[in-house]
Protein chains: 2
Amino acid sequence: MPAEPLSRARIVATAIDLIEREGADAVSMRAIAAELGVGVMSLYNHVPNKEALLDAVAETVLSQIEFTDDPDAEWTDRVRMQALAFRQIAHHYPRCTMVVVSRQLRSTAGLLPVERALATLRGAGFGGDEAVRALRVFIAYIVGSLLREVGVTPTFAPMHRSDVRVSEVDPLLFPQVGELAPALHECDHEAEFAFGLELLIQAMALQLKR
Amino acid sequence: MPAEPLSRARIVATAIDLIEREGADAVSMRAIAAELGVGVMSLYNHVPNKEALLDAVAETVLSQIEFTDDPDAEWTDRVRMQALAFRQIAHHYPRCTMVVVSRQLRSTAGLLPVERALATLRGAGFGGDEAVRALRVFIAYIVGSLLREVGVTPTFAPMHRSDVRVSEVDPLLFPQVGELAPALHECDHEAEFAFGLELLIQAMALQLKR
DNA sequence: TCCAGAGACGTACACCGTACGTACACAACG
DNA sequence: CGTTGTGTACGTACGGTGTACGTCTCTGGA
């Protein structure tokens, strides 16, 4: 009956699917096993423990970043592309993103984007230490942005927040928040991300000229 | 015997203490109750559930940000001060930081820093929407940076990583990572944070002039 | 033919969050 | 004084979790 004989890859794929469908909290070894129509402990023949499984989830998601790197393009364009590629997979696996960023990875899958970014930056003229520093700034911004984008969606529909907040907030204690409530609630994630990214790239370019 | 009669504040304080001592994973209602020398279910007289308790933890940590805002100072200095104040409490409660950023807050405690920042930015001349956008960029960078700083320390001592990685990484596949390994492993968190922050502030100032 | 190894599985344990019922201490009121 | 809430502490119990361990079955080589 089991045409597909159960493997680490199938388990990880099922875990990712489950996370995206039901959220990271709903992931349990039992749920994954049930999804696969398999005994719970059978999973442990392919995965040492749940922690390692989540590491594998993060690694798998990360490895799906699609770089379309043009070596002839301006370095600013290449950096932008890499950042957007990162954001794109986060958008493709929104619930998994939390898992990815909550977990520092020591796999080669996480290293490949780093390698690409460092190569781009050094090719642009940054020194070794400068490139590392610049990369850290970019990663911090990207991770922080993605956390906001996906953290806003723990389950669904934050639309009521607008009404709730506006009515709750005391305009005397929080005049700015009160006045800017509309701007605070609505958020074009893509535009916001691009804005900050452009800001950083410009600042980096300026840093490079000096 | 119970001179102190158990209260929401005592429970939250104990939870924070426990998180800092044993890590966020070690926090359970049973552990907190044991720490307080109290039955598990007694906690539920003061806290509706664990989720709410963690929200309270985040709120409490956040409310301890110390703003020493000088209204006469340059706006760049004020923004810098606010960002550093944020980072400082994260440094003071490193294990709790993960709890704080993993949880979007709808309390007034989380709103106060927002109010301050918006007021500073608008005082500097930013329009409403611009101030909101700028704030989002700053928060993204700060949160991302803090995640890296504290995420690197899930338990202790990442010093062995250096040796492990350098030897593991294939220099042919990852020439940049291999060459820059020393720079990648050692990280003066404070200096790195300040570098990116300065970059952002400069970029914002430039944006303002236009 | 036999045997060793691998993989699937069931059982069991310790721990988790928390719903529910109970016991007691104290204030308000007759 | 007695009675009667009312709020808090507590114990028990249930369903869920990760996983250690022992067992069964199947398969491939000697």
Side-chain angles (χ1 to χ4, degrees), chain A residues 1-60 95-96 98-100 102-105 154-155, chain B residues 1-60 95-96 98-100 102-103 154-155:
Chain A
M1 203 234 275
E4 223 113 2
L6 191 57
S7 65
R8 180 185 160 99
R10 281 215 322 141
I11 294 173
V12 171
T14 306
I16 292 176
D17 203 59
L18 201 60
I19 291 174
E20 288 306 323
R21 282 208 331 271
E22 321 225 356
D25 290 344
V27 172
S28 73
M29 300 304 267
R30 282 173 171 81
I32 295 171
E35 193 90 1
L36 285 163
V38 122
V40 188
M41 293 315 290
S42 305
L43 303 177
Y44 286 87
N45 289 321
H46 306 269
V47 167
N49 52 48
K50 188 184 184 181
E51 204 69 6
L53 205 178
L54 293 181
D55 280 343
V57 165
E59 186 177 342
T60 302
R95 323 280 280 261
C96 286
M98 200 69 178
V99 176
V100 174
S102 306
R103 186 167 304 273
Q104 83 274 26
L105 11 131
T155 52
Chain B
M1 201 231 276
E4 222 114 1
L6 191 58
S7 66
R8 179 184 160 100
R10 281 218 318 143
I11 293 173
V12 172
T14 305
I16 292 176
D17 203 57
L18 201 60
I19 292 174
E20 288 305 325
R21 279 206 336 267
E22 320 225 354
D25 290 344
V27 173
S28 74
M29 301 303 269
R30 282 173 169 82
I32 295 171
E35 193 91 0
L36 286 163
V38 123
V40 188
M41 293 314 290
S42 305
L43 303 176
Y44 286 86
N45 290 321
H46 306 270
V47 167
N49 53 46
K50 188 184 183 182
E51 204 70 7
L53 205 177
L54 292 181
D55 280 342
V57 165
E59 186 176 342
T60 301
R95 322 281 282 260
C96 287
M98 200 67 179
V99 176
V100 174
S102 306
R103 185 168 304 274
T155 51

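Values below: all heavy atoms of this structure, side chains included; hydrogens, waters and symmetry mates excluded. Just so it is clear: chains get the letters A, B, ... in the order the sequence lines come, proteins before strands, and each one is counted from 1.
Rounded to whole Å, the distance from CG on A:Asp25 to C1' on D:dG16 is 14 Å. Spacing between atom OH of B:Tyr44 and atom P of C:dA19 amounts to 7 Å, rounded to whole angstrom units. Counting to the nearest Å, the P atom of D:dC10 and the CG atom of B:Leu36 are 10 Å from each other. For the pair A:Ile32 CD1 and D:dT19 P, the computed distance is 11 Å after rounding to whole Å. Rounded to a whole Å, the CD1 atom of A:Ile11 is 11 Å from the P atom of C:dG7.
Partners of A:Met29 by side-chain contact (heavy atoms from CB on, under 4.5 Å), not counting sequence neighbours, listed by chain and number: A:Val40, A:Leu43, A:Tyr44, A:Lys50, A:Leu53.
Using modelled atom types, no side-chain atom of A:Ser42 and backbone atom of A:Val38 make a donor-acceptor pair closer than 3.5 Å. Side-chain atoms of B:Glu22 do not come within 3.5 Å of backbone N or O of B:Val27 as any donor-acceptor pair.
To the nearest 0.5 Å, the span separating OG on A:Ser102 from CE on B:Met98 amounts to 4.0 Å. To the nearest 0.5 Å, the span separating CD1 on B:Ile16 from SG on B:Cys96 amounts to 5.5 Å. The distance from the CZ atom of A:Arg10 to the CG atom of A:Leu6 is 6.0 Å, given to the nearest 0.5 Å. In this structure, CG in A:Leu18 is found 9.5 Å from CG in A:Leu36, a value given to the nearest 0.5 Å. How far CZ of B:Arg8 is from NE2 of B:His46: 11.0 Å, rounded to the nearest 0.5 Å.
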Give me, pair by pair, the N or O atoms of the protein and of nucleotides 25-27 of chain D that are less than 3.5 Å apart, along with how far apart they are.
none

Extract from the structure each pairing of a protein N or O with an N or O of nucleotides 4-6 of chain C at less than 3.5 Å, listing the distance.
none

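The pair A:Arg103-A:Glu51 counts as a salt bridge, with a side-chain nitrogen and a carboxylate oxygen less than 4.0 angstrom apart.
Judged as a salt bridge (charged side-chain N to carboxylate O under 4.0 Å, His left out), not a single pair has a partner in residues 36-48 of chain B (not counting sequence neighbours). Among residues at least two apart or in separate chains, side-chain hydrogen bond (donor to acceptor under 3.5 Å, both in side chains) pairs with a member in residues 25-40 of chain A are A:Arg21-A:Glu35.
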inquiry  = One character per nucleotide, please: for nucleotides 8-16 of chain C, 5' to 3', B when the base has a protein heavy atom closer than 4.0 Å, S when only the sugar-phosphate does, - otherwise.
reply    = BBBBB---B

